[in-house]
K.L.:
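I have a structure I would like to understand better, so I am pasting it below and will then ask my questions one at a time.
Protein chains get the first letters and strands the later ones, always in sequence-line order, with residue 1 at the start of each.
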There are 2 protein chains.
Amino acid sequence: MGVTIKDVAKKAGVAPSTVSRVIADNSRISLDTKKRVRKAMKELGYHPNINARNLAVRSSQAIGVVMPSSTDKALQNPFFPEILRGIGSVAHGTEYSLYVSTGGTEEEQFEEVKRMVFGNRVDGIILLYSRANDEVTNFLFEKNFPFVIVGKPYAYENQITYVDNDNVRASREITQHLIDLGHQHIGFIGGSTERLVTVDRMEGYMTALKEAGLPVRDEYKVQTEFLESGGRKAVEELFSLDQPPTGLVIADDLVSLGVINMLEQLNFHVPEDISIASFNNVYLSEITRPPLTTVDIQIYLMGVHASRCLIEKVKAKDEPAKRIIVPHKIMYRQSTKKKEL
Amino acid sequence: MGVTIKDVAKKAGVAPSTVSRVIADNSRISLDTKKRVRKAMKELGYHPNINARNLAVRSSQAIGVVMPSSTDKALQNPFFPEILRGIGSVAHGTEYSLYVSTGGTEEEQFEEVKRMVFGNRVDGIILLYSRANDEVTNFLFEKNFPFVIVGKPYAYENQITYVDNDNVRASREITQHLIDLGHQHIGFIGGSTERLVTVDRMEGYMTALKEAGLPVRDEYKVQTEFLESGGRKAVEELFSLDQPPTGLVIADDLVSLGVINMLEQLNFHVPEDISIASFNNVYLSEITRPPLTTVDIQIYLMGVHASRCLIEKVKAKDEPAKRIIVPHKIMYRQSTKKKEL
DNA sequence: TTCATATCGGTAAGGGTTAACATATAATAG
DNA sequence: CTATTATATGTTAACCCTTACCGATATGAA
């Protein structure tokens, strides 16, 4: 370890600063010297020391990615590797590196973020969640540190750059789809209402019902993050109502999977007895039985946009707050079906 | 931005070096001064500049995580976020940060690794895959850069630290389980034989067959990474044999899901007509229908061990190569069933 | 009293890079 | 032929932190 810019300089017979300028491909260096220097670099196997450079330019060419805090299963959602892939692809293209913080408790998460920010480890941060009254968001916002949210910010909506889907509309459309299929009793299963995405999707669901003149029944709305005992019970209750739903809008493909399984145990069949429509279109949604009708939210693309926005923002700190709505697309598959009369 | 060690020093009325020593909790500093300094740090909101520190100590307190190269679905496997969570938990505990490289092509991946290594961005690397003749592995090995593999190294097995399961035994056991249930015709579906894990699992499968005096038939072995058209066809062929298998050992839960779906379309039922046993025990394997009999390889734990080993190795470069075999556990669920006579 | 040893801190030299400023040479204008 | 400017490179001071080495004071033993 340890061929430095000075070694290269000596070998090429120039000053270190010249080498530095060659690296930056500065136009003020003659082609001749550039060639000579590059040759020396290659011969010595020189690679710049990032830490030294970062120290000098007070940046880090790295972006931080913060996953939601969670000690449990939530992270097993393929959503995360997929969005990471999107973020990573542009990061790589622009020579940025990725720093990730993987949940743990909210407290730990906050610490990690502080480490990233104060330690100058990253130039900007992408938040892979949006939660009410989130310490991290507030911190970043107050510090005026470049960050973008994947999802909708809880506050300061037009001062924060974020990339999201039009979840309200998507949810309205997919609910509408169930209605079009003749369903009159449609339930909704979503995660915690602390998460903005749940709120939006629920709103879209309700809007569609209202537009169709259908009643919005509270008993039809279930909140469960994952199908642990609590959620299980909620679903069971839903289906022991006098009038159980014949259609279900579910906020996440993975949850749909669990629900379908549970329904089969209760001897309800999908889609014969009950239609299910959900969100995300992760890979597995096309290989389950039945394949899921789901909203393709284009996760990868969201990652790409988030990454791009962040980098723009990092480069020009006064870049105005942007909102990017990634278009969705409904994937009609076999988990929804016309209601038999 | 920008309260430095000097500011703290001035405020506390000591020299910068003293502050530095307080940060390192050096025993040469009296409790009194420590308190004073810490107070000053807090009041000024001081946080050390990581880049400067890294430069000074020639390390980075960060570990790199390399995902398999892949432009497609493979990364959507919940295996990845889960192992990341394991790695992250110990990384956080030891104040290390996580740097991840997210695939792309093999070429890009290699570049990223070089960036990490040469740029002093990370102190060590965890490889989340093991592939034959992998450039990255060779590079790391030759450079004698600290790294650990999750999975079994293709070469230099006893000079490389790795954490793995006993895949041969696990596969033997789960195949044995199918045999115990009365299955005589058992197929195997795995990924590319370039990946060591596939090789091991196939070996275990064959061993079990041989031990039971059952023939090992080549037509029963299918290779398909994911269920794209090619894999689909292979499975179809498998089931149009004169004697289609009644049991299937599948190297990955996610693939099982696809296979089950496909089988249902071909009008085979799981587990009535055919039993399926697979690997990984990702969360979704317990919520599918039927819930999968699968080998719990303890992904999270693998991450924890990999992380620990790497950190040990980083701290003591001459740490001998270790092999950690994370115990597996078979989860008996409903995708396997006694063969009807 | 004197020397040895601890204890506690300070000084200053890196660590590798960038960038503002300075300098030298060549080209052009007057 | 000198003055001015453009071009190409060198000098040097940051960037912020750690650590080897040195100094000062206090404590105790001889």
Side-chain angles (χ1 to χ4, degrees), chain A residues 1-38 40-41 44-62 95 115-123 315, chain B residues 1-38 40-41 44-62 95 115-123 315:
Chain A
M1 298 282 107
V3 22
T4 77
I5 205 169
K6 286 180 197 158
D7 302 322
V8 177
K10 204 179 295 172
K11 174 138 191 163
V14 297
S17 58
T18 303
V19 178
S20 174
R21 284 190 268 247
V22 171
I23 295 170
D25 205 15
N26 189 310
S27 65
R28 305 191 53 124
I29 302 293
S30 70
L31 207 64
D32 233 39
T33 358
K34 274 188 187 171
K35 270 187 196 152
R36 203 148 34 91
V37 170
R38 283 201 248 265
M41 293 200 305
L44 292 170
Y46 167 75
H47 288 264
N49 180 315
I50 306 281
N51 290 126
R53 152 182 280 163
N54 290 349
L55 179 58
V57 303
R58 293 174 210 66
S59 99
S60 59
Q61 285 285 310
E95 307 238 296
R115 276 229 306 265
M116 286 183 183
V117 173
F118 288 129
N120 257 279
R121 279 179 187 271
V122 301
D123 292 343
K315 290 197 170 146
Chain B
M1 300 282 108
V3 22
T4 79
I5 206 169
K6 284 182 198 155
D7 302 321
V8 177
K10 202 178 295 169
K11 173 136 192 165
V14 297
S17 57
T18 304
V19 178
S20 172
R21 283 190 268 248
V22 171
I23 295 169
D25 206 14
N26 188 309
S27 64
R28 300 185 46 140
I29 303 295
S30 70
L31 205 66
D32 235 40
T33 347
K34 275 187 187 170
K35 270 187 198 153
R36 204 148 35 94
V37 170
R38 284 202 248 265
M41 294 200 304
L44 292 170
Y46 168 74
H47 288 263
N49 180 313
I50 305 281
N51 291 125
R53 150 182 280 162
N54 290 349
L55 179 58
V57 303
R58 294 172 208 66
S59 98
S60 60
Q61 286 284 311
E95 307 237 296
R115 274 230 306 264
M116 287 184 183
V117 172
F118 288 129
N120 256 280
R121 277 178 189 271
V122 300
D123 293 342
K315 289 198 171 147

K.L.:
Which distance, rounded to the nearest 0.5 Å, do you find between the CZ of R58(B) and the CG of N49(A)?
P.N.:
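If we round to the nearest 0.5 Å, R58(B):CZ and N49(A):CG are 10.0 Å apart.
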K.L.:
So how far is it from I50(A) CD1 to N120(B) CG, rounded to the nearest 0.5 Å?
P.N.:
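Those atoms lie 8.5 Å apart.
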K.L.:
What pair of heavy atoms forms the shortest contact from T4(A) to Y46(A), and how long is it?
P.N.:
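Here T4(A) and Y46(A) meet closest at C-CE1, 3.5 Å.
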K.L.:
Does the side chain of S20(A) get closer than 4.0 angstrom to OP1 or OP2 of dT18(C) through an N or O atom?
P.N.:
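Affirmative; the distance criterion is met.
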K.L.:
Looking at every non-hydrogen atom in both residues, tell me the closest pair between A15(B) and A9(B) and how far apart they are.
P.N.:
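What the structure gives for the nearest pair is C-CB, 3.7 Å.
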K.L.:
Give the rounded distance in Å between these two atoms: CG of N26(A) and P of dT18(C).
P.N.:
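Interatomic distance, CG of N26(A) to P of dT18(C): 11 Å.
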K.L.:
Measure the OG-CD1 distance between S17(B) and I29(B) for me, rounded to the nearest 0.5 Å.
P.N.:
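With rounding to 0.5 Å, OG (S17(B)) is 7.0 Å from CD1 (I29(B)).
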K.L.:
Within the structure, does a side-chain N or O atom of R53(A) lie under 4.0 Å from either OP1 or OP2 of dT18(C)?
P.N.:
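Checking dT18(C) against R53(A), a side-chain N or O does come within under 4.0 Å of OP1 or OP2.
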K.L.:
Using the C1' atoms of five pairs at each end, what's the angle between the two axes of the helix from dT1(C)-dA30(D) to dG30(C)-dC1(D), to 10 degrees?
P.N.:
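For the helix from dT1(C)-dA30(D) to dG30(C)-dC1(D), the axes at either end differ by 50°.
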K.L.:
Walking along DNA chain D from 5' to 3', note the first and the last nucleotide with an atom under 4.0 Å from a heavy atom of chain A, and give both.
P.N.:
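Range of nucleotides touched by chain A: dT7(D) to dC16(D).
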K.L.:
Write down the atom of E95(A), the atom of Q61(A), and the distance for their closest heavy-atom approach.
P.N.:
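Between these two residues, the closest heavy atoms are O-OE1, 3.1 Å.
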K.L.:
Classify V19(B) by what it touches in the nucleic acid, base, sugar-phosphate, or nothing, heavy-atom distance under 4.0 Å.
P.N.:
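No contact.
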K.L.:
Starting at atom CZ of R28(A), determine the distance to atom C1' of dA22(C), rounded to an integer number of angstrom.
P.N.:
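Rounded to whole Å, this separation is 12 Å.
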K.L.:
Starting from the 5' end of DNA chain D, give me the residue, S27(A) or T18(B), whose nearest nucleotide shows up first.
P.N.:
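Closer to the 5' end of DNA chain D: S27(A).
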K.L.:
From the set dT17(C), dG9(C), dG15(C), return the single nucleotide nearest to any side-chain atom of T4(A).
P.N.:
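Of all the options, the side chain of T4(A) is nearest to dT17(C).
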K.L.:
Calculate the interatomic distance between L55(B) atom CG and dA13(C) atom P; express it in whole Å.
P.N.:
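After rounding, the reported distance stands at 17 Å.
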K.L.:
Find the distance D32(B):CG to dC8(C):P and express it as a whole number of Å.
P.N.:
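Taking CG of D32(B) and P of dC8(C), I get 10 Å after rounding.
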K.L.:
Would you call K34(A) and D25(A) a salt bridge, using N to O less than 4.0 angstrom?
P.N.:
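Salt bridge between K34(A) and D25(A), a charged N being under 4.0 Å from a carboxylate O: yes.
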K.L.:
What is the distance, to the nearest angstrom, from the CD1 atom on I50(A) to the P atom on dG16(C)?
P.N.:
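Atom-to-atom, I50(A) to dG16(C), this comes out as 14 Å.
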K.L.:
Both A15(B) and A56(B) contact DNA chain C. Which one's nearest nucleotide lies toward the 5' end?
P.N.:
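Closer to the 5' end of DNA chain C: A15(B).
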K.L.:
Rounded to the nearest Å, what distance is computed from the CG atom of residue N51(B) to the P atom of nucleotide dT18(C)?
P.N.:
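Atom CG in N51(B) sits about 13 Å away from atom P in dT18(C).
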K.L.:
Please pick, from dA19(C), dT11(C), dT17(C), the nucleotide with the shortest atom-to-atom distance to any side-chain atom of S17(A).
P.N.:
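When the side chain of S17(A) is considered, dA19(C) is the closest of dA19(C), dT11(C), dT17(C).
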K.L.:
Using a cut-off of 4.0 Å on non-hydrogen atoms, how would the nucleic acid contact of I29(B) be classed: base, sugar-phosphate, or nothing?
P.N.:
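Here I29(B) touches the backbone only, sparing every base.
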K.L.:
Would you say the side chain of R58(B) and the base of dG14(C) hold a donor-acceptor pair, judged only by whether the two atoms sit under 3.5 Å apart?
P.N.:
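Side chain to base: no pair below 3.5 Å.
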K.L.:
Indicate the atoms forming the closest heavy-atom contact of T33(B) with V14(B), along with that distance.
P.N.:
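So the two residues come closest at CG2-CG1, 3.8 Å.
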K.L.:
Can you tell me the distance, in whole Å, between the CZ atom of R21(B) and the P atom of dT7(C)?
P.N.:
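The distance from CZ of R21(B) to P of dT7(C) comes to 15 Å, rounded to the nearest Å.
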K.L.:
At 4.0 Å (heavy atoms only), tell me whether G119(B) reaches a base, stays on the sugar-phosphate, or touches nothing.
P.N.:
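G119(B): no heavy atom of the nucleic acid under 4.0 Å.
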K.L.:
Whole-Å distance between dT17(C) P and N54(B) CG?
P.N.:
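Going from CG in N54(B) over to P in dT17(C) covers 14 Å.
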K.L.:
Enter the distance from N54(B):CG to R121(A):CZ here, rounded to the nearest 0.5 Å.
P.N.:
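Separation between the atoms: 6.5 Å.
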K.L.:
Just by distance, do the side chain of D123(B) and the backbone of S60(B) share a donor-acceptor pair under 3.5 Å?
P.N.:
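A pair under 3.5 Å: yes.
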